[in-house]
Novice: 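Below is the structure I would like to discuss, written out as structure tokens.
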Amino acid sequence: MRLFAKNTSSLSGQVNCPGDKSISQRAIIIGALANQNISISGFLNGEDPLSTLSALNQIGADISINDNRVNIKKREIPFSNSSNSIDLGNSGTGMRLMMGLIAGIGLKAKLVGDESLMKRPMSRVSIPLNEMGANVSNSDGLPPIEIESREIRDDYAYDMPIASAQVKSSILLAGVASNTKVSIFEPSITRDHTELMLKHFGLNIKSEEENDGKRITFIPGNNFLVKDYFVVGDFSSAAFLIIAGLIADDSEIFIKNVGLNPTRSGLIDILIEMGGNIEIKNKKMLSGELVGDVFVKSSVLSGVNINGGIISNIIDEIPILSIAAACANGTTRISDAKELRVKESDRLEAIGSGLSRLKVKHELFEDGISITGGIPEHNETIEIDSHGDHRIAMSFLISSLKLKNGVNVDNCKNIYTSYPNFLETMNSLGMQINEQ
Ligand code: S3P
């Protein structure tokens with residue numbers, strides 16, 4: 001799918017933030033594991049949560065979806081082997097969390113994905129799962145993943161060498177599914193949706209901050225409480241709207257229902273430090289998660305230095321933050337972000353090649369990028385390749401707010417993995433993005 005974004009400069013209106021992708025996937029995995037009648041609202045009806053949903057149904061769950069509402073039914077037989085390969089599409093979260101769940105339950109399965117997912121590192125999950133007693137193999141560190149049934153050992157403790165919420169969640173799910181105690185140390189703080197959701201459903205999870213990181217322990221013994229769940233809006237999707245609002249010459253936008261979990265919303269502080277005019281209103285808790293409305297106006301931004309523990313908090317927002325940096329005065333330097341090289345694409349490479357097309361001064365490093373603000377005037381339409389990565393595609397479509405002749409972005413179909421209504425939402429605010 002090739003999209004053309006025409007140059008527009010004024011954005012206004014009120015929009016709803018789509019459901020959180022990470023939380024939607026966790027809600028159906030944990031709901032299926034609870035094996036109770038559970039209704040989930042605000043679910044992200046996007047390709048990643050949908051591939052996780054069908055993976056769960058393939059191993060015996062009974063989950064149905066109607067628009068943004070999901071119903072999970074209690075079953076007689078909790079889970080069963082699937083004779084066919086389980087396809088997680090583009091979703092790293094889907095594959096890594098399902099590895100923990102399947103290994104913990106003790107099923108036999110083969111997991112595959114699309115071209116991008118088949119290139120993503122999986123040893124980070126299979127190594128600790130195998131140390132727990134599971135039998136998980138991969139192909140030189142990559143999918144396909146083969147899982148054989150084996151018993152999980154009790155009281156496993158793991159110090160994660162990289163800060164990854166997917167790895168942490170996979171091990172926690174293996175512990176919960178096998179009803180064994182498990183403890184994980186994360187070297188810097190990562191999104192804590194799994195811990196919050198397990199607590200919401202009544203399980204015993206302890207989180208203690210230690211040095212710059214956190215130790216998370218699951219202690220078996222409690223039964224799942226029967227509760228419904230409301231998925232808050234996805235901060236990572238809201239980030240596109242927020243930065244569009246900041247860089248547009250004339251804008252005033254109001255984004256409702258934005259998830260503001262402190263382990264996810266560090267970008268707000270960074271943008272405020274850059275000079276962003278952002279206000280948060282109506283904060284409240286929903287199903288254990290903080291949510292609120294975000295009000296954004298056009299702003300003059302300045303460059304900042306970003307490194308260290310905050311990187312895991314803003315990891316998914318760095319592509320769109322790079323567009324903000326390209327519009328800011330001065331230089332923004334992002335380091336300690338090597339993980340960007342193993343996302344849906346090598347995001348540092350993809351950001352760098354897009355910025356080269358925009359003729360924005362930048363320098364790539366192994367673990368980051370420095371960007372000197374200032375997009376020169378272009379007399380032609382800019383051509384960008386998204387590298388098949390949803391967040392790269394959306395980021396460069398938004399750069400059209402600063403490009404006189406707009407931008408064509410190739411390879412955009414993966415926008416449907418995380419933000420199926422992206423075009424409608426942006427166009428309702430005043431952008432003009434259309435399929436070519
Ligand atoms: C996610 C964790 C992050 C993030 C990804 C979603 C999750 O990945 O980049 O988009 O849902 O747990 P890592 O765990 O690899 O850091």
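In listed order, ligands and their atoms are each counted from 1.
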Novice: K119 and E344: salt bridge (charged side-chain N to carboxylate O under 4.0 Å, His left out), yes or no, with the steps?
Specialist: CA-CA 9 Å; K119 290 190 206 130; E344 285 83 330; over 6 Å; no

Novice: Report the part of H193 (side chain from C-beta onward, or backbone N, CA, C, O) that has a heavy atom under 4.0 Å from ligand 1; answer both or neither where that applies.
Specialist: neither

Novice: Could you identify the single nearest non-hydrogen protein atom to atom 14 (O) of ligand 1 and state the distance to 0.1 Å?
Specialist: S164 OG, 2.7 Å

Novice: Counting only nitrogen or oxygen atoms and a 3.5 angstrom limit, does R391 reach ligand 1?
Specialist: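 Not met; the criterion fails.
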
Novice: Can you figure out which of R347, K343, E339 has its heavy atom closest to atom 8 (O) of ligand 1?
Specialist: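 Selected option, by shortest heavy-atom distance: K343.
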
Novice: May I ask you to check whether H390 and Y419 place their ring centers less than 6.0 Å from one another?
Specialist: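 Centroid distance H390-Y419: not below 6.0 Å, so no.
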
Novice: Which heavy atom of the protein is the closest neighbour of atom 4 (C) of ligand 1, given with residue, atom name and distance?
Specialist: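 Ranked first by proximity to atom 4 (C) of ligand 1 is D316 OD2, 3.3 Å.
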
Novice: Quick test: of every protein heavy atom, which one is nearest to atom 1 (C) of ligand 1, and how far off is it to 0.1 Å?
Specialist: Q166 NE2, 3.5 Å

Novice: Quick one: side chain to side chain contact (heavy atoms under 4.5 Å, CB included) partners of E424, sequence neighbours excluded?
Specialist: N421

Novice: At under 4.0 Å between heavy atoms, which part of Q25 makes contact with ligand 1: side chain, backbone, both or neither?
Specialist: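 None of Q25 does.
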
Novice: Cation-pi check for F396 against R391: NZ or CZ below 6.0 Å from the six-membered ring centre and within 45 degrees of the axis, yes or no?
Specialist: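 Because its charged atom misses either the 6.0 Å distance or the 45° angle limit, R391 does not stack over F396.
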
Novice: Any nitrogen or oxygen of I315, side chain or backbone, less than 3.5 Å from one on ligand 1?
Specialist: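 No; the residue has no nitrogen or oxygen that sits under 3.5 Å from a nitrogen or oxygen of the ligand.
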
Novice: Could you say whether the N/O atoms of R26 and ligand 1 ever approach to under 3.5 Å?
Specialist: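 It does: an N or O of R26 is found under 3.5 Å from an N or O of ligand 1.
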
Novice: What residues, two or more places apart in sequence or in another chain, satisfy ring-ring contact (aromatic ring centres under 6.0 Å, His included) together with Y416?
Specialist: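 By the ring-ring contact (aromatic ring centres under 6.0 Å, His included) rule, Y416 matches no residue at all.
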
Novice: Check whether any N or O atom of S169, backbone or side chain, sits under 3.5 Å from an N or O atom of ligand 1, and answer yes or no.
Specialist: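 In fact, backbone or side chain, S169 has no N or O that close.
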
